[in-house]
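Have a look at the structure below, then the notes.
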Amino acid sequence: MRATVKADRGPGCRFVTDRPEPVLLPGQVRIEVAAASVCGTDAAIHDSGPVLDDFGMRFPVTMGHEVAGIVVEADPMTRVAVGTRVTVETHLHCGECFFCRNGDGHNCARVQLLGVHLDGAFAERVVVPAASCFALPDAIGLEEAALLEPGGSAMHAVLRSGVSLAGSSVLVSGAGPVGLVLVQIAVAMGARIVTVVEPNPMRRKMAERSGAVVLDVGVDPMEVADPTTRHRGGYDVAFECSGAGAALSTVLDATRNEGTVVVVGLVKGEVALPVTRTLITRGLTLRGSFGRSLWGTWDRLSELVISGRVDLAGLLTHRLPLSGLPLALELMREDAGKVLLLPSLPDTQLHETSTEGKTR
């Protein structure tokens with residue numbers, strides 16, 4: 001089987017054509033991969049960044065976790081039938097621990113991550129628990145379905161904030177895929193103003209097309225805030241999606257007293273936090289957001305996609321063969337949105353497909 005494998009702790013990965021098929025265990029299904037999306041975590045794994053230790057990565061492992069495909073084999077006792085179009089919740093949960101029993105399966109005490117602890121989706125086929133599959137509505141195509149997982153992280157962050165975005169001022173730091181979906185959700189929910197801070201010009205344009213006011217890094221978000229936001233001394237709610245420590249300081253400063261900050265991006269290293277001045281005397285709420293709730297965020301995001309208020313397909317800028325991960329990571333360092341790896345494309349030709357669907 002063709003697959004991209006992280007064999008050890010060193011930088012890089014290997015594309016192989018003889019990866020053994022994963023064994024189908026009780027309660028599992030085998031999925032023929034239609035599309036696998038590349039994300040920043042895959043880049044960090046490829047480069048052997050701190051994420052290897054943060055998540056306790058195992059070797060060797062097939063990479064990739066954002067996936068959609070068709071079930072081609074299923075344990076007879078599972079609820080998912082052969083032929084079902086599915087995407088996958090990549091925080092594989094046990095269903096038995098305290099967190100799973102209380103609605104927090106995404107933070108399962110025994111969580112295993114697809115493409116980190118178990119063979120992932122950068123392959124022709126992948127095996128996952130049937131309980132981790134999300135059956136796709138007919139109105140959602142397989143390519144955009146591969147983006148429901150990262151998009152769900154944005155949906156989860158919005159719900160974790162506990163803030164009704166209708167009429168609120170919203171600040172988003174980082175216009176990567178999660179940040180861009182978050183912008184669309186905020187606009188769809190009736191936010192009064194959505195301001196995005198992003199250094200990449202192409203991503204700023206994508207955020208602007210979604211209805212955001214956009215800024216380069218280093219510009220004070222209060223400079224473009226509406227009069228109500230300025231009068232209140234800051235934004236009602238802020239989402240840090242970039243993973244940059246300096247960006248977290250910016251959003252904390254730009255959020256009003258008694259406002260809420262949700263941290264979504266994986267921050268590298270430690271960040272100094274003046275607790276008294278930031279959290280206590282200003283009454284800020286600081287929350288972390290990891291993964292997606294089961295299955296509330298999946299349902300909510302799917303409804304927004306079907307209604308046309310969130311456009312996941314519009315984030316896709318390139319489609320490459322399964323062997324194209326190195327090129328995908330190179331494109332992502334420049335002006336790419338979401339890059340898909342498609343097993344149906346021949347590995348002999350690396351096609352770059354634009355959002356208009358033209359090969360270039």
Side-chain angles (χ1 to χ4, degrees), residues 34-40 66-69 85-88 134-159 165-166 168 170-198 200-214 239 241-242 264-265 289 292 295-320 328 331-332 335-342 352-358 360:
S37 177
V38 183
C39 90
E66 300 174 1
V67 60
R85 301 161 64 252
V86 298
T87 183
V88 177
F134 181 78
L136 293 171
D138 292 340
I140 298 181
L142 286 169
E143 288 194 0
E144 63 183 335
L147 274 61
L148 283 173
E149 195 261 17
S153 295
M155 187 79 254
H156 185 51
V158 169
L159 298 178
L165 298 190
S168 296
V170 178
L171 176 62
V172 179
S173 174
V178 172
L180 288 170
V181 174
L182 209 154
V183 168
Q184 294 188 54
I185 294 171
V187 171
M189 291 186 168
R192 187 176 72 250
I193 180 176
V194 182
T195 299
V196 173
V197 180
E198 167 60 46
N200 184 287
M202 185 272 291
R203 290 178 176 175
R204 286 202 299 270
K205 289 180 181 178
M206 294 179 76
E208 191 172 33
R209 286 199 297 268
S210 296
V213 177
V214 298
F239 299 90
C241 303
S242 73
V264 186
S289 182
R292 297 140 302 278
W295 289 92
T297 53
W298 290 86
D299 288 328
R300 291 288 294 277
L301 180 61
S302 295
E303 291 162 2
L304 289 172
V305 171
I306 292 170
S307 71
R309 287 177 288 174
V310 169
D311 177 19
L312 295 180
L315 303 179
L316 297 173
T317 58
H318 297 80
R319 296 163 176 83
L320 302 175
L331 292 168
M332 288 167 58
D335 282 342
K338 282 302 268 185
V339 181
L340 290 182
L341 301 184
L342 306 178
E352 300 174 29
T353 307
S354 69
T355 51
E356 290 78 24
K358 298 178 181 178
R360 50 180 193 176

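Since we're looking at a predicted model, the values are computed, not measured. Counting from 1, the numbers follow the sequence of the chain as shown. Values below: every heavy atom of this structure, side chains too, minus hydrogens, waters and symmetry copies.
Of the possible donor and acceptor atoms, none in the side chain of Thr297 sits under 3.5 Å from a partner among the backbone N and O of His156.
By the salt bridge (charged side-chain N to carboxylate O under 4.0 Å, His left out) test, Glu149 pairs with Arg292, sequence neighbours left out. Under the side-chain contact (heavy atoms from CB on, under 4.5 Å) criterion, Ala157 pairs with Leu182, Phe239, Val262, Val264, Ser289, sequence neighbours left out. Partners of Arg300 according to the side-chain contact (heavy atoms from CB on, under 4.5 Å) rule, which considers only residues two or more places apart in sequence or in another chain, are Met155, Leu159, Met189, Glu303.
The shortest side-chain heavy-atom distance between Ser37 and Glu143 does not fall under the 4.5 Å cut-off. Contact check for Leu148 versus Ser302: side-chain heavy atoms found under the 4.5 Å cut-off. A heavy-atom distance below 4.5 Å is found between the side chains of Leu340 and Leu147. Residues Ile140 and Thr87 are not in side-chain contact: their nearest non-hydrogen atoms beyond the backbone lie 4.5 Å or more apart. Between Lys338 and Glu66, some side-chain heavy-atom pair lies under the 4.5 Å cut-off. Arg209 is listed as a side-chain neighbour of Lys205, based on a closest heavy-atom distance under 4.5 Å.
In this structure, Leu142 CG and Leu136 CG are separated by 6.5 Å, a value rounded to the nearest 0.5 Å. Here the CZ atom belonging to Arg203 is positioned 8.5 Å from the CG atom belonging to Asp335, to the nearest 0.5 angstrom. Residue Leu315 holds its CG atom at 10.5 Å from CD of Glu144, rounded to the nearest 0.5 Å.
Of all heavy-atom pairs between Val194 and Ala186, the closest is CG2-CB, 3.8 Å. Contact detail for Leu342 and Ala34: the closest heavy-atom pair is CD2-O, 3.4 Å. Here the closest non-hydrogen pair linking Ala175 and Val196 is CB-CG1, 3.8 Å. Residues Ala68 and Ala145 share a closest heavy-atom pair of CB-CB, 3.7 Å. Counting all heavy atoms, side chain and backbone alike, Ser210 lies closest to Gln184 at OG-CG, 3.6 Å. Closest approach of Leu304 and Ser307 over heavy atoms only: O-OG, 2.9 Å.
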Apply side-chain contact (heavy atoms from CB on, under 4.5 Å) to the pair Glu198 and Val214, showing each step before the final yes or no. CA-CA 7 Å; Glu198 167 60 46; Val214 298; over 6 Å; no

Intermediate values then yes/no, side-chain contact (heavy atoms from CB on, under 4.5 Å), Leu320 and Leu331: CA-CA 11 Å; Leu320 302 175; Leu331 292 168; 4.2 Å; yes

